[in-house]
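Computed from a prediction, not measured in an experiment: that's the story for all the values here. First listed ligand is number 1; within each ligand, the first listed atom is number 1.
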Amino acid sequence: MTDYVIPSDGLISLPAHELSRKIQAGEVTSREVTQAFLDRIAETDSELGAFLHVSAEAALAAADAVDAQVAAGEAPASALAGVPLALKDLLVTTDAPTTAASKILEGYMSPYDATVVTKLREAGIPIIGKTNLDEFAMGSSGENSAYYPTKNPHDLTRVPGGSGSGTAAALAAGQAPLGIGTDTGGSIRQPASLTGTVGAKPTYGGVSRYGVIANASSLDQVGPCANTVLDTALLHEIIAGHDEFDATSVDRPVPAVVAAAREGASGDLSGVKIGRVKQFSRPGTQDGVNEVIEAAFAQLARQGAEIIEVDCPNFDNVMGAYYLIQTSEVSSNLARFDGMRYGLRAGDDGTRSAEEVMALTRGEGFGDEVKRRIILGTYALSVGYYDAYYLQAQRVRNLVAQDFRAAFDQVDVIAGPAVPTTAFPLGDKIDDPLAMYNFDLFTLPLNLAGLPGMSVPAGTASDTNLPVGLQLIAPAFEDDRMYRVGAAFEAGRR
Ligand code: GLN
């Protein structure tokens, strides 16, 4: 029987920075490395469903270019050169279809690359394929993909989390050592927690959103995913930085996350103050998750950190605020999918008006969850309701940011659970949107406040034997702090 969890030996078991070092040292070629991951995908993905598209030829061509550079004795393009990456199918690429896991974009080919994709290519990172997700990145389980759900490599009857289901599953299964996700309300951190991988959401504006299909523009952020904190940091530095094509990208130096991850690897946290949010201890959290988080705080304290409780009373209102703001922005952003400009066009037989074709296209092209959000958002923004809903939600958003500011007056980093439970069975929550939304409670506050956060593997829950992630949160533009603590925590677990 195939084991779907990443093997403990062989090329595909190695962290990305180690693979890149081997490639530069001539111990192995990028082609061999890339082929090893392609073989693993061929062996496992019909069952896992992590990829919507595998780019074998393009990835091997990119690998050959790296091998030619090594042979010519040229300096590596980056610390991860030659190591393949799984790209969430929400970022546009010229050499593979981009679908956002929606029928409305089936077969769509972009005329340009997302800025992050350009940076990956320049860094010599072969893109091995486009990964599955919840349609337009709306969901918490991966089950909203219009194509097929992704399964959790740790238990094929369970979800890998969402919306970055495919990227997280690919990492956990050893199908790729690097991945890119996007995080609007938790889509990088939550699947990382459920699959036992690392995923970081940078500060809002830290990574370009140019070429990333918009979900909710004021919340969306692209981020790095991997199996170790150092690999995640190395990838973070490659993709981050100002981009003139994204008006919300911030023109300031990229936080020194790699140096921080290396510093953290010593395991010493003396002098570091770590906040524990009172509102994150709540009923409904699985016992096994609570136990792992308790043990994580005990470990951080043993490593020298001072643990301080912080009060964030407005976190109790994040769910309502997020789901009003997110849906409002969705109702505006998704208006462009009208059957006229991209992808699917339904019912255009010469007898129907443009409006009828638009309605038919959207009816056929969008899935239930996307339709639900468009309708919710349109309602929230309508005349007469705007003040009651959208404006109130924006007020809560400010209060959440204030809570964080007050907390960070007392502590350097905040730690806590990323998700209230371990991976749940496929089908468990799909007919209960509210239960699905509630699953995001611990990840949403950061997106409302624009702060960086990451999930680092913290252990296995004793009641389900499934992975649990520790979420680390830092102040805006201090992403390096969470990497330092994350790397120290990771080192302390060994
Ligand atoms: N689960 C959240 C939602 O469905 C977050 C998704 C995301 O981060 N893209 O909105």
- prompt: Which pairs count as ring pair (Phe, Tyr, Trp, His ring centres under 6.0 Å) when at least one residue sits in residues 184-227, sequence neighbours excluded?
  reply: Tyr112-Tyr210, Tyr210-Phe245
message: What I'd like to find out is whether the side chain of Asn132 reaches to under 4.5 Å of the side chain of Asp89, using heavy atoms alone.
response: no
message: Is the shortest side-chain heavy-atom distance between Phe404 and Pro475 below 4.5 Å?
response: no
message: So that I can tick it off, tell me whether Glu364 and Lys103 are bridged by a salt bridge, with the cut-off set at under 4.0 angstrom between side-chain N and carboxylate O.
response: no
task: Check each protein residue for a heavy atom under 4.0 Å from ligand 1 and list those that pass, ordered by chain and number.
output: Ala137, Met138, Gly139, Ser140, Ser163, Asp183, Thr184, Gly185, Gly186, Ser187, Asn215, Tyr322, Tyr323, Gln326, Arg373, Asp440
- prompt: Taking the six-membered ring for Trp, are the ring centroids of Tyr322 and Tyr437 within less than 6.0 Å of each other?
  reply: no
query: Can the ring centroids of Phe51 and Tyr147 be said to lie less than 6.0 angstrom from one another?
result: no
